[in-house]
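So the structure is just underneath, and the comments pick up after that.
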Amino acid sequence: MTPDWRPPWFAPLRGIAQTLSADQDVAAALNAVKGGLPHFVAAAALPAGEAYEAFIARTGSVPTRDNLHDLLNGLMWLHRPALKRQLNQLQAADIARHGIGPTRGALRDALTLFDEHGALWPEAPPPLVQALAARDWTALFVTHRALWPGAGFEVFGHALLEQLANAPRKGLTAFVALGDPLAWSPAQWAAKPFLPLPVLGIPGWWPGNEDPAFYADTRVFRPPRLNAATAP
């Protein structure tokens, strides 16, 4: 269950992850290194019929299974607690208003997408932002390659991190938030103000991308859509 923490996508979590005890279940191991809320509990603590997000908001406890997906989720709670709390509060408030239906609705769908597959890029260099918004993959990854070291790109979504750990592949895509998502309103979240970025195109993240031909695969590095919206 414990992945190799050396790949670059794990760099923000590496310090916390390396303190975890291998002799405890996931919830206990996370509780041993946390500094305050949330509290991690066994998944069986979630009452039948209560939504996962509502339970967290009500109790301050995160139901946690003994698997890599929930380990990475817990580590992200420890690393980015304010953002995880905001996502949870918005989810719980929407559930309180509308209940649980056959679909999540626009707001909860956006929150879930980002929680599972999002990335943070609060201080992205402007040339990289412009290239990403234009889906100009050559400019983003080749022309401006020298701007990437120290650019502050960070995978947030624990499902994406799990996929990178178990089966890294060219098509894995992050949904990138530019600026500070803690400042976004529910309406902004519902509009999905994200930009897609195939993460193994990031310089230093995958050996194959040293060759510019790596980015010629239009099944992954897709050209821009006509009239495509851009993120704020």
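Quick note: numbers below take in every heavy atom, side chains included, and nothing from hydrogens, waters or symmetry partners. Residue numbers run from 1 in the order of the sequence given. The model shown is predicted, which means the values in this text are computed figures rather than measured ones.
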> Are the side chains of L20 and T2 in touch, meaning some heavy atoms are under 4.5 Å apart?
Replying inline: no
>> Just to verify, what does A82 make a side chain to side chain contact (heavy atoms under 4.5 Å, CB included) with, not counting sequence neighbours?
In response: R85, L182
> side chain to side chain contact (heavy atoms under 4.5 Å, CB included) with D23: which residues, sequence neighbours excluded?
Replying inline: S21
> Where do I202 and W9 land on the side chain to side chain contact (heavy atoms under 4.5 Å, CB included) test, with the steps shown first?
Replying inline: CA-CA 10 Å; I202 296 174; W9 46 82; over 6 Å; no
> Any side-chain heavy atom of W137 within less than 4.5 Å of one from L132?
Replying inline: yes
>> Show the nearest heavy-atom pair for residues N67 and D70, with the distance to one decimal.
In response: OD1-N, 2.8 Å
> Looking only at heavy atoms, what is the nearest atom pair of A190 and A110, with distance?
Replying inline: CA-CB, 4.3 Å
>> Ring-plane angle category for F10 and W5, please: parallel below 30°, perpendicular beyond 60°, tilted otherwise.
In response: perpendicular
> Is any side-chain heavy atom of L30 closer than 4.5 Å to a side-chain heavy atom of Q24?
Replying inline: no
>> Just verifying a value: how many Å separate Q18 CD and L13 CG, rounded to the nearest 0.5 Å?
In response: 11.0 Å
>> Listing request: all ring-ring contact (aromatic ring centres under 6.0 Å, His included) pairs with a residue in residues 68-92, at least two apart in sequence or in separate chains.
In response: H69-H158
>> Just to verify, what does D136 make a side-chain hydrogen bond (donor to acceptor under 3.5 Å, both in side chains) with, not counting sequence neighbours?
In response: none
> Taking only residues two or more places apart in sequence, or in another chain, which ones meet E154 in a salt bridge (charged side-chain N to carboxylate O under 4.0 Å, His left out)?
Replying inline: R80
> So, do R108 and I95 sit near enough that their side-chain heavy atoms are less than 4.5 Å apart?
Replying inline: yes
> Less than 4.5 Å apart, any side-chain heavy atom of D109 and any of L113?
Replying inline: no
May I have the list of side-chain donor-acceptor pairs in residues 43-58 shorter than 3.5 Å, sequence neighbours left out?
{"from": "E50", "atom 1": "OE1", "to": "R58", "atom 2": "NH2", "distance (Å)": "3.0"}
{"from": "E50", "atom 1": "OE2", "to": "R58", "atom 2": "NE", "distance (Å)": "3.0"}
{"from": "Y52", "atom 1": "OH", "to": "N73", "atom 2": "ND2", "distance (Å)": "3.3"}

> Taking only residues two or more places apart in sequence, or in another chain, which ones meet P127 in a side chain to side chain contact (heavy atoms under 4.5 Å, CB included)?
Replying inline: P125, H144, L147
> Among pairs that include at least one residue of residues 197-209, which meet side chain to side chain donor-acceptor pair (under 3.5 Å), considering only residues two or more places apart or in two chains?
Replying inline: R145-N209
>> What I'd like to find out is whether the side chain of L140 reaches to under 4.5 Å of the side chain of F221, using heavy atoms alone.
In response: no
> Side-chain contact, heavy-atom cut-off 4.5 Å: P181 with W189?
Replying inline: yes
> Which heavy atom of W184 sits nearest a heavy atom of A177, and at what distance?
Replying inline: CH2-CB, 3.5 Å
What pairs of donor and acceptor atoms, side-chain ones from residues 169-176 against any protein atom, are under 3.5 angstrom apart with sequence neighbours left out?
{"from": "R169", "atom 1": "NH1", "to": "A167", "atom 2": "O", "distance (Å)": "2.9"}
{"from": "K170", "atom 1": "NZ", "to": "F214", "atom 2": "O", "distance (Å)": "2.9"}
{"from": "T173", "atom 1": "OG1", "to": "G171", "atom 2": "O", "distance (Å)": "2.9"}

> Looking at CG of L72 and CZ of F156, how far apart are the two atoms once the value is rounded to the nearest 0.5 Å?
Replying inline: 12.0 Å
> Who are the side chain to side chain contact (heavy atoms under 4.5 Å, CB included) partners of D211, not counting sequence neighbours?
Replying inline: A213
>> Donor-acceptor check, side chain of Q89 to backbone of Q86, threshold 3.5 angstrom: yes or no?
In response: no
Would you tabulate the side-chain donor-acceptor contacts of residues 114-124 under 3.5 Å, counting partners in other chains and residues two or more places apart, or write 'none'?
{"from": "D115", "atom 1": "OD1", "to": "K84", "atom 2": "NZ", "distance (Å)": "2.7"}
{"from": "W121", "atom 1": "NE1", "to": "A151", "atom 2": "O", "distance (Å)": "2.9"}

>> Tell me the closest heavy-atom pair linking P8 and G204, and the distance in Å.
In response: CG-O, 3.8 Å
>> With rounding to the nearest 0.5 angstrom, report the CG to CG distance, L161 to L68.
In response: 9.0 Å
> Does some side-chain heavy atom of V26 sit less than 4.5 Å from a side-chain heavy atom of R65?
Replying inline: no
> For the atom pair OG1 (T64) and CG (D25), what is the distance rounded to the nearest 0.5 Å?
Replying inline: 9.0 Å
>> Taking salt bridge (charged side-chain N to carboxylate O under 4.0 Å, His left out) as the definition, give me every residue that meets it alongside D94, ordered by chain and number, with sequence neighbours left out.
In response: R97
>> Could you go through V129 and L195, starting from their C-alpha distance and side-chain angles, then the distance that decides it, and tell me whether this counts as side chain to side chain contact (heavy atoms under 4.5 Å, CB included)?
In response: CA-CA 10 Å; V129 172; L195 293 173; 5.5 Å; no
